[in-house]
Structure formats: C-alpha cells, structure tokens
Enquirer: 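For reference, the structure I am asking about is given below.
In what follows, every chain begins at residue 1, and chains take the letters A, B, ... in the order their sequences are listed.
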There are 4 protein chains.
Amino acid sequence: MKQSKLPMPLRGIIPPMVTPLVDRDTLDAAGLERLVEHLIDGGVHGIFILGTTGEAPSLSYRLRQDLIERVCRHVSGRVPVLVGVTDTSFVESVNLARHAAQAGAQAVVLSAPYYFPAGQPELLEYVQDIAGELPLPVFLYNMPSHTKLTFEPDTIRKALEIPNIVGLKDSSAQMIYFHKLRQLVADRRDFSLLVGPEELLGESVLLGGHGGVCGGANLFPRLYVDLYQAASAAQLDRIASLHARVMRLGETIYSVGQHRSAFIKGLKCGLSCLGICDDFMAEPFQRFGPDQRKQIQKYLADLGVSPSQRALQTAR
Amino acid sequence: MKQSKLPMPLRGIIPPMVTPLVDRDTLDAAGLERLVEHLIDGGVHGIFILGTTGEAPSLSYRLRQDLIERVCRHVSGRVPVLVGVTDTSFVESVNLARHAAQAGAQAVVLSAPYYFPAGQPELLEYVQDIAGELPLPVFLYNMPSHTKLTFEPDTIRKALEIPNIVGLKDSSAQMIYFHKLRQLVADRRDFSLLVGPEELLGESVLLGGHGGVCGGANLFPRLYVDLYQAASAAQLDRIASLHARVMRLGETIYSVGQHRSAFIKGLKCGLSCLGICDDFMAEPFQRFGPDQRKQIQKYLADLGVSPSQRALQTAR
Amino acid sequence: MKQSKLPMPLRGIIPPMVTPLVDRDTLDAAGLERLVEHLIDGGVHGIFILGTTGEAPSLSYRLRQDLIERVCRHVSGRVPVLVGVTDTSFVESVNLARHAAQAGAQAVVLSAPYYFPAGQPELLEYVQDIAGELPLPVFLYNMPSHTKLTFEPDTIRKALEIPNIVGLKDSSAQMIYFHKLRQLVADRRDFSLLVGPEELLGESVLLGGHGGVCGGANLFPRLYVDLYQAASAAQLDRIASLHARVMRLGETIYSVGQHRSAFIKGLKCGLSCLGICDDFMAEPFQRFGPDQRKQIQKYLADLGVSPSQRALQTAR
Amino acid sequence: MKQSKLPMPLRGIIPPMVTPLVDRDTLDAAGLERLVEHLIDGGVHGIFILGTTGEAPSLSYRLRQDLIERVCRHVSGRVPVLVGVTDTSFVESVNLARHAAQAGAQAVVLSAPYYFPAGQPELLEYVQDIAGELPLPVFLYNMPSHTKLTFEPDTIRKALEIPNIVGLKDSSAQMIYFHKLRQLVADRRDFSLLVGPEELLGESVLLGGHGGVCGGANLFPRLYVDLYQAASAAQLDRIASLHARVMRLGETIYSVGQHRSAFIKGLKCGLSCLGICDDFMAEPFQRFGPDQRKQIQKYLADLGVSPSQRALQTAR
C-alpha cells in the first residue's frame, strides 16, 4: 500500500467521518467505501475516523478494528488517516493505536479518558505516560462537553514537550481558549491547531488556525474545503457567504432531532438520503423515523442537493 | 459452586469493591482474595464489582473478565455478587453481562452510556433494548457526576415495567431525588433502592431505603453494616455516633489527595496500609506517594485501626 | 410593641413568607394580615420575610421597607420576625437591616451578594465586614442555585467566630453538605441550623437539624409544624405519612408551571384560591392564568383543602 | 448641554467604564473626570457606565444616580453615554432609566434580572413589559455567567419586534451564538451587535459585528480603537499584532488576582498606577494589596506604559 506522509503541520479539512453501519455490530461496507470516495472527491485533506461523529465509544472493539483496516485499505494513502483512540482504559487505547499503526494510519487522536473527572496534573501525567506507548504521531482532542475535562492551557504548554504530539483539535467552541492555544504554539511551526465546530472554521483560519475537523464535511465536503480556502486567502465576502451556508445547516439538517444527538442523526440521515450510506445508529441513539427523514429530504432539496445515482437500495 | 440466591429486595451493605492491581493490566490475585474475605468477615450483604470505586472503565476487558471469574469463584455463593456492566458500547456491555452470568454472578449493574449526552427518551429506549439482552437481574445505577446523565423520575417510572430491573443504586447525593424514587417504588415490594454516598446511608435507610453501596465499606465493612442495622432499627443515638465516624473519614482518609480521585486513592492506600491488597491504580490515576501514604497511616492510627497480621508482603 | 426574644437556637418552622401584592409596587395589605394570621394560627415558630419565596430581589426598596414595617407591627412580637437583607450592594443591605431593627425585627438573613461570582476568601471578608454593620443577629443563607456561590464549610468554620452570626439556613438541598455543617456547629449550643427544602425537613431534624424554612408552610403551616414535631420526637411512621404528603405537593401544586418559578407561582395561586391573599407576582414572573388556576384548585380539592369563608373578593 | 445623537447602528469601541470610588458609597469625582477624558482622548465611540466592569450591582442607588449625572454632564455630548439599568427589580430598573433620560444619556443597557432563574417565555415577557417603560433606546445585554440566563436566539428574534431595542451586547464569549445573532439581525440595518470579551473583538468585527464593549479600553482605549479599525479594514497582520497585545493583558494585568474578580481588580489597580483614578472597590471585592500592586506596575512597565504627569495624589 502506498504510504501517505503526514504533513507537518497538517492543514485543511479533515472530516470526522461517520461510521456507516447496518446494525449495531456490522459495518455498511459498501457505504463506507462510497463515503470515503465522497470525501476524497470533495477535496478533503485527511480523514479522521473513530471520533465523536464516528460514534466510536458506542462501537465494539472488534468493529473499531474492522473499520480501521477497511478505511486504511480503501484510502490507500491518498490522504492521511487519523484514528481516534480515546478510551477510558489506557490498555484499550494502546491496543487500538497499535492496530492503527499496523493498518497504515498516519496519526492517532487522543482525548481525556472520559469517565473519571481527573485533575489537570493527573491528565498531564496520563498524556505523558500514554504518548510514549502510542506508535504514531498524536493529536490531542479537547472535547469537554463529552469528556467533562478541558486540557487547560498550562497542561498543553507542558504537553508540547512530548515528542510525538503534533497537533490539537479543539472542540470546546471557546474561541478565547483557542486564541490562548494559538499563542502557546506560535513558535511551533510543525504543530497543527484545528478547530472542531464548523461554525468557527472561518475565523479560526483567518486568525492563524490550520483547519477544521468539521462534521458537516461528511455531507458537503466541498463546502468546507471552499470555506477553508477562502479563509486561507482572507476573502471576506466569500467567507461570509459560505459561512452563512454552514450556519443554515445548523438551523435545518442539524436541528430536526430534539436532543444533542440531532447533529449526528441529521448527518447520517442526510448521507442515507443522498444514497451514500446506511443511517443505522449505534445505541444509545436510533436513526430518524420517516417523518424526520422527510424533513431532512426537504431541507436537502431546499439546499439544492439531490441524491446521486448510486442511491442506497434501502426501502424503509 | 453453591449458587447464591438474590434476595428480593436486596437489603444491606453491598460494597463497591476496589479492584486490587499489581500493574495496569494485572490483578493482585492474592490481595483480591484477602479483600473478599475482609468484606465477608465484616458482614456485608453482597459485593458489587466493576463499579466506579472498582475503576471499571479504566480496566481492559480481558482484566474485567478475569476479575469477574475470580470473584465469583472465591465468593462461592456466600453473598450475592453484582457486576457492573456499564459501558459506552451496547455490545461490550452485553458481552460482560454474559460473562458474569456464566461465572455465576447474581445480578448486573447498569448506568447510562457515559460518552454521549443522551436525552431521556433515548436513555429509556436504551435501557429497554439492553435489558432484554442482559441474562441477569439488573440494578440501574444513577451516577450523573460521571455519566453526565440523570435517570429522571419519569424515566424510572417507565423503566419499572421492564421485568428484569430489580433495583436502583442512586449515587446522585440528591436526597430529594431519592425521595421521589421512593415514592415511585413504594408499592414494588421486591424492588431494592440503594444509596451510593455513605454520608447518606443513615437517613436513606431511616426513611425507607434498603441499604447502601458504600465505598468506605472496603476498608471498614463492619462500620457500615453496624450503621445500616442501627438505621434499620431506628436507633438514633447509635446512628449519630456511627454517622459521625463516617463523616470523619471524609475529613481524613478521603481528603489526602487534591482531586476528585482522593476518595478511591485514599481507600486503596488504606487497604494497602492494612496489608489487605496492593494500591496500584489504573490510569488516569496514580497511587499516593510516600508522604500521602504516611498521612493515611497516621489517620488509620488515629482511628485505632492497625495492619492485620496477614500484612501485604510488599516493599515499596 | 411587645418585643419577641429570639430563641437561641431558633427551632421549628419559620416559613419564608410570600409577599402579597396587588401590583408590582403595592402590597396587598389586607391579604398580608390574613397571611400572617394564617401562619401564626398554624403554629409556626417564626416568620422569615424578604427571602427568595418572598420575591425580595424583585421588589423596590420602598416596598421592602413598607413590608418590614407592616409585618413587624402586625406580628407584634407573637413570633420572631427574620428579615432578608441579601443584596448585591453592601450599602443597601445595611440600609434594610437598620430599617428592620427599627421596625422591631429579631434577626436578619444574609446570603452572598449574587451578581459577582466571588471566591471564598472574598465571601468570608464580605461577611466579616458586613456583619459588624448589621444591628441584629444574623442567619447566613446558603442558596447556591440563585447566588451562584456556596458558603464552603471552611468559610463557615471561620464565619462562626463572628459574634452576631447565630444560625444558618441551607437551601442547597445537599445533605452531605448539611451534615458537614452539623459537625462544624456540633458544640455551638446556641447556633441554629435550618434546612430550606421542605422535602428534607424530616431527615434533617431526625439527624440534628433545628427546623425548616419551608415554602409550603405558607399554604399549610400545620403540616410542616406537625412534621417538625414528629421528627423531633423520632416518630418514624408519622414522619413517613407527613413526608409523603409534602412530596405530593411537589407533584401537584408546585408542578403546574413549566419553569423554575412553578414553586412560587403555585404557592401564591394556592393562597389566592384559599382566599388568603392576592397572587400577583413581581416581574420577571406572572401569576398563573385561568387554566393553571383551575388545576391548582383541583389539586387543593384533592388534598381536601377548601377556601376559608374569608375568601378574597377578587373576580379574575 | 449639547445633545449627542445615538448613531444607528452604534459602531466602535464603547468601554464599560469602571466606577472610580474613594469608599463604598462615595465617587472619586476628580478621578471620574480624568477617566472620562482618558477615554475620549483615546478615541472611543461611546461610554457605557454601570455595567459589570462598573460594579453597578455593588453600588447604592444614590451613588448610581450621582454617577449618571456626573458622567453625562462631563461628557457633555461628545460621545453617546449608555447607562446600565439591569436590576432584579423592575421598578428600580425603570427608576434608573428615567434618571438616565433626565440626565441626558443616549441609551440604556438591560440584561436579565439576575436572581431568579427564569424561563425564556418569562424572560421575553419581562423584556416586552419593561421596554415600554424605558424612556430611551435599549441595548440588550447577554451575560449568562453573571445572570445565569442566556437570551436564546429565539427570544432575541421575538424581542427584535420591540421598537426601542436597538442593539445587543453579547458577553457570552460563545462565537457560535454570536454568529446566530448575526444571522438574525442581518437585515436590520440600524441594529448594533457588539461583543463583550475583548479577545473576540477582532473576529467579531471581521465577520460582521459592529464593535466591542471592551473592559481593557479603560486602561488602553487607543489599543482597542486601533484593533477595531484594523478589523473594520480587514488588515489581518495588524489585527494579529494588536490581538496578541490584547491576549497578553490576559496573561499579565488580568491574572494577578486568584478569583474571577482579577479582571476588574487589575483594571482598577492599573488605572490607579497610571494616576487616573482611585482603585477602591465596592464589596464583595477589595482592591489589590501592595504586592499585587507592584506586580501590576511591573506589567505596565513591561508594556511600556508609564504614569501620566497628572498622577493621582494618593499615598497608599
């Protein structure tokens, strides 16, 4: 297999890929391949699997390993593959990372172990200990809404001394925090600072960030790649119109469900409507029912998006 | 192996057993047996393994299975064994529960999947779906500080219709919530309502609760059994003095560390000081260093507790 | 005017009186007198005005002073009157306290200034500074849900050295915290530890608390006085049945509204249905509309309570 | 007095002015005048008094009225004066607003009443009711960290129909929220959307906001005016260097204290070091002691700022 080299710093749009499933422990293998092609066709700069949008914590380890192998094989070095190895168990994180390395992934992504509320010194010691056991470059992942724990700037400052930590994805949606991190890594030319929430992609790139891990890029990879490029080129008018389009997704496709799962459910349902992959969701979530699906279809039509010919042959 | 029958309702003190480790992926097998004997000698009414105090989320699945087998074998039906199967992955929870059933455990304990913040209808649907796959009676476990999710009373009301749900452990420390649950299960004679925080054992039993899942019972099982019995018998003076002793643990042994891990670290260190088991902790935690250990030893001495003869043969 | 002496410690039921209004800046003077009589007839051990249930922060200072004068005059020493002086402004708190002293009140009640999130040393210094300016005995008031600030046990420990601090009302609903305070004041024979949430009255008195500042006692003073006495006498069966009645209020009268104001709105509406006083509410709240009022009337009927003959002559 | 007209929309830097005090109930009248001149000299586009940075909730009403009069008189129409009227009491808010109108202020600023946690419909009804009683144009003020209440976008959408609501200051530090508001007011040419946190001034103006209510502009008005102008002109390099300077204040002058009051304490101390006004703080805060003052002086020296000749004649 051709080996992709991880750019340093990694820049651009690296979608947190949804995990196509046909049931709670079986991948939608054909849908997975279509989704990977859809992303690469859209011009993305990398693919991040087994993140929050990928429902990683809800999947069995067997399935996670299966996914890693299939994605690495199918991507085949065309773009870097980043693999989420966040886990409450140190041992299981390391197991996943070794599997990712063997499969040919380019990096792993690591958040805080998310059950026990740890103190910052505990979190730092954890990162120091585990980084040494991870056989790939590491992106830290700040995701306090789900892990209950922020990587405080002072913890990041110390973690920057760990050799294989090469980037950070910030999903806190706190731009003041993001700016503090920017100041911290200002003289680390090889370090990649990525933003999670897609509504913040424009400003974070304008002000020195390297790109975004945007969930919406599963559906519309080109939109986010365009917005990234407009921001890189400081084209304010173009940013405004593309950003307005991103904001509209928040009011439409991501807002059909009532709970915080609405975002992932909307994405998966949209991908299914476009014929790209199945929308089965692992517990604790369930895919949308027919009424909600109709609403998503209507929103897609309003956005001028129609199912591709290779429509998913699913009657529902 | 003699089979213990699960009393309905389960009453009394069911310690959430710490998991004795010699390193992050190896049980302290001898210490584990000593700890089980220590608990049973102390008069406990059951043993709950793989809960929060047992560091379950930090352990590999291989080790969790090993622990289940060893505890079930060593307890050998003398008291019921309850096994925590809480997991972010439905599949892994079911795997653990099947393993527990095969090993001879009497029940499983299930909290909310703790990564994704789910809505109450999603949580209810999850519980309904998974309960049918669990081959043992189920205790629900309300633990919002770690799972980010409360089982709202209305969710519990509906979950009571699921046949194999036989009890609930509430670790919210919210007594108003606890009283609401009491009203809900008032006419369910076979349902066990247990309290987590040991500081609330007295009042919860006085007012109709069935017992406690008290972490401190790892160290001092008899103290909690005595307090449970005093509360069952409404002996207010005795409750006051035993409760004061429990409160003192909070100011001493549980308060040596700075972070929220202080409770488990103090328990494990105390057990090590008493020669019962090793105090190794799985990441993201680390056992206490020498200074903190000395402090724990001093507190134990103040409490009039000294190491048993069967001291742990560990030089540290 | 006959002067009531403040018992040390103050024990029993001290309702946080609602403030009867006819519009946003006018007292319902006749209703106020009926309400005071209703409470004293019900056997209460004191009256606390200008607390949260009294909507104090929503009232003009002019009206607060009017209320203090009228209540002190009408109570006329039959029970102690405690006056809430919590304010974001030190100067205004002191002004209110001086007014209360002149009007013949027995004590003031002081929470944290509730706009700025202060640190514990700042809070302690504030309490130390202001206590010296307050011309009456002071009850501290722990109300973190509204003030964003808890009086940490260590802050209380230091505040106990201030001579005119004679009690504390804890509305945190955290019984572990309450028990910590009990341990702190165990040797202060003259210090009164009161609980706010009425659902916790039984256990707090059983375990050493001195009574409750129960909002529901506005409507049903006798119920809470009875529960207090049952708890003082450790009559568990009687506690259980009275406590169940209190819990039922939470599911009925306090749950008609959708927001957190449902408690006060339900109380005021109930008092109006019983012909005791007007249910006008100061902004940001509004009294219940006709449908909700009907629901409250139905609940009152279910509880076997009917309007007294001295019904409020209001067509609504 | 010359009357300033309120620009529609109001654009630029409108510092939330600190309130110079010599003791808890007395203005530093000379310092106040020097501070107003310092701001106007710095090119600010308006002055906002009685906000959070102005310690408004900590001040007596008498002093607030005194401040309003003095500032309006001294500014004398050179820039618009906005007056904070946020209060827990509707009546007191209206009183302050009337006073502001009489004194010649151009607008009032209104946040949520901050004691009772209200629901969104209650908040909307409050705003609708009070706006009609306020005799000046109104800026809403989103400040959830202190009021416990966010103006949800849907509430804002409805509030936009109220005729005298002409702007909104968002101090939530949530840029996704800010972008939602931008979309909401996109077609309201006369509506001013201002950002509170100064670390977000650059991006908010780049992406369509109208300016900032930046606390740091008390000390360094020119810095913020320059940053505003750079952002208005989309000069990314200049934004980067000015923004870095703003970020440095956060690590220096605003971080001397330990608590959340560090920001205001640092500002007041800095102003005192520069000889502009006294640094007395109203309770619950206290000005910095000598060690912290020395630290502030050092930071000011590092920043190349030295006391003006018109130094405050205070020995401390």
Side-chain angles (χ1 to χ4, degrees), chain C residues 23-26 51-53 55-64 86-95 111-130 133 143-149 257-265 281-286, chain D residues 23-26 51-53 55-64 86-95 111-130 133 143-149 257-265 281-286:
Chain C
D23 64 36
R24 79 167 63 106
D25 207 21
T26 312
T52 303
T53 308
E55 299 171 83
S58 304
L59 306 175
S60 74
Y61 288 89
R62 190 203 56 69
L63 190 143
R64 293 189 221 183
T86 304
D87 206 283
T88 57
S89 162
F90 188 106
V91 172
E92 301 293 356
S93 283
V94 172
N95 286 348
S111 191
Y114 44 83
Y115 185 75
F116 287 108
Q120 293 290 315
E122 293 172 331
L123 177 60
L124 177 63
E125 197 163 359
Y126 167 79
V127 171
Q128 288 166 334
D129 287 355
I130 201 168
E133 307 273 334
M143 184 59 167
S145 63
H146 288 59
T147 65
K148 307 185 292 281
L149 202 51
Q258 292 177 298
H259 307 294
R260 288 171 65 183
S261 54
F263 174 66
I264 308 184
K265 287 182 180 175
M281 294 202 67
E283 286 89 358
F285 300 137
Q286 306 277 345
Chain D
D23 65 37
R24 77 168 64 106
D25 207 20
T26 311
T52 303
T53 308
E55 300 172 83
S58 305
L59 306 174
S60 74
Y61 289 88
R62 190 202 57 69
L63 189 142
R64 292 189 223 183
T86 304
D87 205 285
T88 57
S89 162
F90 188 107
V91 171
E92 301 293 357
S93 283
V94 173
N95 286 346
S111 191
Y114 45 82
Y115 185 75
F116 288 108
Q120 292 292 314
E122 292 171 332
L123 177 60
L124 177 63
E125 197 164 359
Y126 166 80
V127 171
Q128 289 167 332
D129 288 355
I130 201 168
E133 308 271 337
M143 183 59 169
S145 62
H146 287 60
T147 65
K148 306 185 293 277
L149 202 52
Q258 293 177 299
H259 306 294
R260 288 170 65 183
S261 54
F263 174 66
I264 308 184
K265 287 182 180 176
M281 295 202 66
E283 287 89 355
F285 300 138
Q286 307 277 343

Enquirer: If you define the side chain from C-beta out and look only at heavy atoms, does anything of C:Ser261 sit under 4.5 Å from D:Glu122?
Expert: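 Side-chain contact under 4.5 Å: yes.
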Enquirer: Select one option (side chain, backbone, both, neither) describing which atoms of D:Pro57 are under 4.5 Å from chain C's heavy atoms.
Expert: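 Contact with chain C is through both the backbone and side chain of D:Pro57.
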Enquirer: Between atom OH of C:Tyr115 and atom OG of D:Ser111, what is the distance when rounded to the nearest 0.5 Å?
Expert: 6.0 Å
Enquirer: Describe, in one word, how the ring planes of C:Phe116 and D:His146 are oriented to each other, choosing from parallel (under 30°), tilted (30 to 60°) and perpendicular (over 60°).
Expert: perpendicular
Enquirer: Check whether D:Glu92 gets within reach of chain C through its side chain, its backbone, both or neither, counting any heavy atom under 4.5 Å.
Expert: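 Side chain only.
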Enquirer: Quick one: what part of D:Ala282 sits under 4.5 Å from any heavy atom of chain C, side chain, backbone, both or neither?
Expert: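 Interface part for D:Ala282: neither.
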Enquirer: Side chain, backbone, both or neither: which part of C:Phe285 has a non-hydrogen atom closer than 4.5 Å to chain D?
Expert: side chain
Enquirer: With sequence neighbours left out, what residues match C:Pro121 under side-chain contact (heavy atoms from CB on, under 4.5 Å)?
Expert: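 Listed in chain order: D:His259.
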Enquirer: Can you tell if the side chain of C:Arg62 reaches within under 4.5 Å of the side chain of D:Val91, non-hydrogen atoms only?
Expert: no
Enquirer: Contact part of D:Thr52 toward chain C, heavy-atom cut-off under 4.5 Å: side chain, backbone, both or neither?
Expert: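 Its backbone and side chain both get close to chain C.
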Enquirer: Taking side-chain contact (heavy atoms from CB on, under 4.5 Å) as the definition, give me every residue that meets it alongside C:Glu133, ordered by chain and number, with sequence neighbours left out.
Expert: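 If we apply the side-chain contact (heavy atoms from CB on, under 4.5 Å) test to C:Glu133, skipping adjacent residues, the hits are C:Phe90, C:Val94, C:Arg98, D:Arg24.
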Enquirer: side-chain contact (heavy atoms from CB on, under 4.5 Å) for C:Ile130 and D:Glu283? Distances and angles first, verdict last.
Expert: CA-CA 9 Å; C:Ile130 201 168; D:Glu283 287 89 355; over 6 Å; no
Enquirer: Please identify, among C:Gln120, C:Glu125, C:Glu55, the residue contributing the most non-hydrogen atom pairs under 4.5 Å to chain D.
Expert: C:Glu125
Enquirer: Could you tell me which portion of C:Ile264 (side chain, backbone, both or neither) has an atom closer than 4.5 angstrom to a non-hydrogen atom of chain D?
Expert: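 Contact with chain D involves the side chain of C:Ile264 alone.
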Enquirer: Looking at D:Pro284, D:Ser89, D:Pro113, D:Ala56, which has the largest count of heavy-atom pairs under 4.5 Å with chain C?
Expert: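 Option with the top pair count is D:Ser89.
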Enquirer: Give, as side chain, backbone, both or neither, the part of D:Asn95 having an atom under 4.5 angstrom from any heavy atom of chain C.
Expert: neither
Enquirer: Select, from C:Ala112, C:Pro117, C:Gly257, the one with the greatest count of heavy-atom pairs under 4.5 Å involving chain D.
Expert: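 Option with the top pair count is C:Pro117.
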Enquirer: Are the side chains of C:Lys148 and D:Tyr114 in contact, using a 4.5 Å heavy-atom criterion?
Expert: no
